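See below for the structure under consideration.
The structure displayed is predicted, hence computed values, not measured ones. Lettering of chains follows the sequences in order, A, B, ..., and the numbering in each one begins at 1. Below, each value reflects all heavy atoms present in this structure, side chains not excepted, and no hydrogens, waters or symmetry copies.
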Number of protein chains: 2
Amino acid sequence: MAEKAPKKKKMREEVLERSVPLFATVGFDGVSMRDIAAAVGVTPAALYHHFSDKEQLYLDAVGYAFEEKVGPLKTLLDGGGNPWERIEAFITRLANLLAAERDFLRLMQWVLLDSDERRQRSLVDCVFRDLFNALRDFAAELAPGHDAHRLAVSIIGLVLYPFETQSVRRFLPGYTHQQEDPEAIARHIVGLLRNGLGGINEENP
Amino acid sequence: MAEKAPKKKKMREEVLERSVPLFATVGFDGVSMRDIAAAVGVTPAALYHHFSDKEQLYLDAVGYAFEEKVGPLKTLLDGGGNPWERIEAFITRLANLLAAERDFLRLMQWVLLDSDERRQRSLVDCVFRDLFNALRDFAAELAPGHDAHRLAVSIIGLVLYPFETQSVRRFLPGYTHQQEDPEAIARHIVGLLRNGLGGINEENP
DNA sequence: GTCTATATGATGATAGAC
DNA sequence: GTCTATCATCATATAGAC
């Protein structure tokens, strides 16, 4: 009796894991409880034993997708040492994360578009707040003369936008596969933050 | 008979005008034909006399919302003269547009998240392509040493992100109403592009 | 061109057997 | 804890009267 069946406790987690890509792809309104149930391999009724309703399942799924993702990122900013080295490490890590975990990015986009204020607020509380605060505090240290809040927004936008727009840039001329390389994106952004466009060319240093 | 009834021809446009804020707020899946019909003041069946189906109504609504918005923006980039003056004018105009027309921004976000590839492509064709190409060509002129495509993405991201994230930043500390001032946002971005963070402080020049 | 009425199916959620 | 069966409601879309 010391050994419990390992399968039993995992049902709830299994639901979350399977529903994350669904919500990430088509959003809250685009996913039905039937879809999730089918992805898990149960009937829709079974889901209601683990989650009170669809909204709670969604909130838990988003929280599940973000936990253990934002923590390590925040740590990169907290450490001491050269601020420019830290911001470069943060940007590089974030770019690699976004490139590898596409669901992560899309869930963030869905949160930004959520029109249910109560739901959006609870998502922000569990997902965005800590990381944004850490980045804003770091921005204040990195560039004391600038508005830290505004600068934090700029940094996040610079990193996220290449990935957010990838699905449409595919169709545009001048698009090459290598433009999605997270390391190259990070170098581009750090160069921009350091010197603006007046600095040394990134292509011909 | 030389004078036609001015009301008759406007029905189609009326539907588009009323449906744009609905689609902008809750997206394609969040709006029903009943919602649109109610907003216009007709029955759902009447909508099908003007649009073959919901998707066509959506595509036309997005096109309607973007026409006469992107054209003037593109013109700002095409003109000759000092490139830095032109990019500043473009960024300032775009920021003011985004601040004034919230539906415009949200529709763009929905397009970026659209999981229907055929639909997304047709939206990109009628909405994004021209403006992005103009900006990319301009970026090539502004900073010949940089990857023009990448730089165009960075510029768009810098301008759009303060507005895209406004709905969640409301809940975060350090948020002040004045951070949404499009003129201040534009100055911040131009300063960043010119000098990076190493330049003269924007707050204490 | 808009209406009433309706076909047809998907949706979130629940009751009760096992 | 999961199932079958079902409810009530909502969805897109159409047919045909006016």
Side-chain angles (χ1 to χ4, degrees), chain A residues 1 3-62 64 110 114-116 118-119 122-123, chain B residues 1 3-62 64 110 114-116 118-119 122-123:
Chain A
M1 56 182 107
E3 297 177 9
K4 296 172 187 170
K7 277 283 181 58
K8 213 48 169 296
K9 271 277 189 60
K10 298 223 295 181
M11 183 56 199
R12 183 191 166 86
E13 217 173 298
E14 175 83 3
V15 173
L16 296 177
E17 198 162 317
R18 302 268 185 181
S19 62
V20 162
L22 296 179
F23 284 125
T25 304
V26 288
F28 181 81
D29 289 326
V31 179
S32 70
M33 296 297 271
R34 283 169 168 78
D35 295 335
I36 298 170
V40 177
V42 296
T43 60
L47 299 176
Y48 288 90
H49 185 79
H50 303 276
F51 306 92
S52 60
D53 55 18
K54 183 187 175 184
E55 176 156 327
Q56 194 57 55
L57 199 165
Y58 173 70
L59 292 174
D60 291 350
V62 175
Y64 177 82
W110 288 114
D114 202 324
S115 55
D116 183 310
R118 216 189 79 260
R119 189 170 58 196
S122 83
L123 291 166
Chain B
M1 55 184 107
E3 298 176 9
K4 297 171 188 170
K7 277 281 181 59
K8 213 47 170 297
K9 271 278 188 61
K10 298 222 295 181
M11 182 57 198
R12 184 192 167 87
E13 217 174 297
E14 175 84 4
V15 173
L16 295 177
E17 197 161 317
R18 302 267 186 183
S19 62
V20 162
L22 296 179
F23 284 125
T25 304
V26 287
F28 181 81
D29 288 328
V31 178
S32 70
M33 295 298 268
R34 281 171 163 76
D35 296 333
I36 297 170
V40 176
V42 296
T43 60
L47 299 176
Y48 289 90
H49 184 79
H50 302 276
F51 305 93
S52 60
D53 55 18
K54 183 187 175 183
E55 176 155 326
Q56 193 56 55
L57 198 166
Y58 173 70
L59 292 175
D60 290 351
V62 175
Y64 177 82
W110 287 114
D114 203 323
S115 55
D116 183 310
R118 215 188 81 261
R119 189 169 57 196
S122 83
L123 291 167

Please give, in whole Å, the distance from [N] [atom2] to [X] [atom1]?
X	N	atom1	atom2	result
B:M33	C:dA10	CE	P	19 Å
A:D35	C:dT11	CG	P	6 Å
A:E55	C:dT11	CD	P	18 Å
B:H49	D:dG16	NE2	C1'	15 Å
B:F51	D:dT14	CZ	P	15 Å
B:E14	C:dG1	CD	P	15 Å
B:Y48	C:dC3	OH	P	14 Å
B:L57	D:dA13	CG	P	10 Å

Original post:
Looking across every strand, which nucleic acid part, if any, lies under 4.0 Å from B:V31 by heavy atom: base, sugar-phosphate, or nothing?
Top reply: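 Sugar-phosphate, backbone atoms only, no base.
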
**OP:** Determine the contact category for B:A46: base if any of its heavy atoms lies under 4.0 Å from a base atom, sugar-phosphate if only primed atoms, P, OP1 or OP2 are that close, otherwise nothing.
**Re:** sugar-phosphate

Original post:
Side-chain N or O of B:S32 less than 4.0 angstrom from OP1 or OP2 on D:dA11?
Top reply: yes

Original post:
Taking OP1 and OP2 of D:dT2, is either one under 4.0 Å from a side-chain nitrogen or oxygen of A:T43?
Top reply: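 Indeed not, no polar side-chain atom of A:T43 lies that close.
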
**OP:** Give the ring-plane orientation class for B:F23 versus B:F28, where under 30° counts as parallel, over 60° as perpendicular and anything between as tilted.
**Re:** parallel

**OP:** If a pair satisfies side-chain hydrogen bond (donor to acceptor under 3.5 Å, both in side chains) and one of its residues is in residues 21-41 of chain B, list it, with sequence neighbours excluded.
**Re:**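 Every pair satisfying side-chain hydrogen bond (donor to acceptor under 3.5 Å, both in side chains) with a residue in residues 21-41 of chain B: B:S32-B:D35.
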
**OP:** With rounding to the nearest 0.5 Å, note down the distance linking CG in A:L16 to NE2 in A:H50.
**Re:**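 Those atoms lie 10.0 Å apart.
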
Original post:
Ignoring hydrogens and angles, are the base of D:dA11 and the side chain of B:R34 linked by a donor-acceptor pair under 3.5 Å?
Top reply: yes

**OP:** Please examine the side chains of A:R18 and A:I36, heavy atoms only from C-beta on, and report whether any two atoms are closer than 4.5 Å.
**Re:**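 Not in contact.
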
Subject >> Side-chain touch A:M11/A:V40, heavy atoms, less than 4.5 angstrom >> reply: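 They are in side-chain contact.
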
**OP:** Name the closest nucleotide to the A:H50 side chain, picking from C:dT2, D:dT2, D:dT12.
**Re:** D:dT2

**OP:** Would you mind telling me which of C:dC3, D:dA5, D:dT12 lies closest to the side-chain atoms of B:K54?
**Re:**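 Nearest to the side-chain atoms of B:K54, counting from C-beta on, is D:dT12.
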
